2 protein chains.
Amino acid sequence: MNSESLQFKNYIESKGLLFTPERQCVAEEVFASHNHMDAEELLKHLKSKGSKASRATVYRTLDLLVESGLVKKIDLGEGRLVYEHTAGHPHHDHLVCLKCGSVQEFEEPLIEQLQEWACEKANFKPTGHSLNIYGYCRGCTTGKR
Amino acid sequence: MNSESLQFKNYIESKGLLFTPERQCVAEEVFASHNHMDAEELLKHLKSKGSKASRATVYRTLDLLVESGLVKKIDLGEGRLVYEHTAGHPHHDHLVCLKCGSVQEFEEPLIEQLQEWACEKANFKPTGHSLNIYGYCRGCTTGKR
DNA sequence: ACTAAGATTGAGATATAATCTCAATGGAGA
DNA sequence: TCTCCATTGAGATTATATCTCAATCTTAGT
Ligand SMILES: [Mn+2]
Ligand SMILES: [Mn+2]
Ligand SMILES: [Zn+2]
Ligand SMILES: [Zn+2]
């Protein structure tokens, strides 16, 4: 069991819940991939690997993972909700290609700072944000279009 | 008929389409409100006013309005898709209150500029973006919580 | 005015994503 | 062992949006 799964186990048990095989299975699958993944995709993957985790359990476990802070839920717009693990992954935002669907990450600390200021000016207490830039990625502009 | 509806009529007809009573009805309802509104809400509103515009027509007309540039479709996250008219409404982003659901608007030109730079660095050609900040609005923090 | 071609419409079917229900299962402590 | 309650999966349900298609308009041509 890897370090992140262990942290999840600790989180689960610290809440007096059970670290079941189903939960472990979902967690390890999430931690195993370095890509953004959506819930249905994850479910299909697990099924194809012989896991018996149901849709309900997958969604419930993803909620727990997000709660634990080990996983982040990202809304990419256009109905795309994906998850990514946070370990070794500082905050970033996303560039979403409208042609091939690929997603690049970028960091811009000053944008984060400006958001704080905007919130102060508006007397708004921020807890999080979502910034997606839509357009065409390198591969989709050099080839054609 | 107001100025925006007239512009919509021009757009519709310039495409060789018909400016039907149903389309006019939907357009005028959108232009009449200064709030963000979602499609189902709009449909319900129209029904309650005796309009016979169907769900299909409401959605189809909203697509046309967005196409025309007179209306913008905004993804507020958490499954909230809303529309707002663009006239006299320069580009802005949104502060979404997680408690009362209210939405404030803000402008931060420097954020826009930094986004451009981030795209250049990544060889990404942007066509648009979505920035939502989630948290608690003034009313929801002064009272309590 | 008549007609044919094509645009538009509404009712309801369908798609999709996510959540909910609830009976069966199973672990943990008394 | 017994009881309690967390957990689970199958399937129902919800919510939102899109699609289908027959009936109805509009328009242009005659
Ligand atoms: Mn990411
Ligand atoms: Mn707005
Ligand atoms: Zn691309
Ligand atoms: Zn509020």
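Just so we're clear, the structure is a prediction, and the values are computed from it rather than from any experiment. Lettering of chains follows the sequences in order, A, B, ..., and the numbering in each one begins at 1.
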_I need the full list of ring pair (Phe, Tyr, Trp, His ring centres under 6.0 Å) pairs touching residues 101-129 of chain A, with sequence neighbours left out, sorted by first then second residue._
A:H91-A:H129
*Quick one: which residue pairs count as a ring pair (Phe, Tyr, Trp, His ring centres under 6.0 Å) with a foot in residues 13-47 of chain B, not counting sequence neighbours?*
B:H34-B:H85, B:H36-B:H94
[X] [atom1] - [N] [atom2] separation (whole Å):
| X | N | atom1 | atom2 | value |
| --- | --- | --- | --- | --- |
| B:L64 | C:dA7 | CG | P | 14 Å |
| B:R80 | D:dA15 | CZ | C1' | 15 Å |
| B:E41 | D:dA17 | CD | P | 12 Å |

*Not counting sequence neighbours, which residues clear side-chain contact (heavy atoms from CB on, under 4.5 Å) with B:S3? List them please.*
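B:Q7.
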*May I ask you to say whether A:K121 pairs ionically with B:E108, meaning some side-chain N is under 4.0 Å from a carboxylate O?*
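Salt bridge between A:K121 and B:E108, a charged N being under 4.0 Å from a carboxylate O: yes.
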*Does a side-chain N-to-carboxylate-O contact under 4.0 Å join B:R60 and B:E22?*
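The answer is no: the pair does not qualify as a salt bridge.
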Tabulate protein N/O versus nucleotide N/O from nucleotides 14-25 of chain C, keeping only pairs under 3.5 Å, one per line.
residue: C:dA18; atom: OP2; partner: A:Y59; partner atom: OH; Å: 2.6

*Which pair of heavy atoms, one from A:C97 and one from A:C137, lies closest together, and at what distance?*
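It is SG-N, 3.5 Å.
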*asked:* Under 4.0 Å, heavy atom to any atom of DNA chain D: which of residues 4-26 of chain A qualify?
replied: A:L17, A:L18, A:T20, A:E22, A:R23
*Got a sec, which residues hit salt bridge (Lys or Arg N to Asp or Glu O under 4.0 Å) with A:R55, two or more places apart in sequence or on another chain?*
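A:R55 satisfies salt bridge (Lys or Arg N to Asp or Glu O under 4.0 Å) with A:E40 only.
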*Is A:I133 reachable from A:L114 through a run of I, L, V, M, F, W or Y residues, each pair having side-chain heavy atoms under 4.5 Å apart?*
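Yes, A:L114 connects to A:I133 through the hydrophobic network.
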*Check whether any side-chain N or O of A:S54 sits under 4.0 Å from OP1 or OP2 of D:dA10, and answer yes or no.*
no
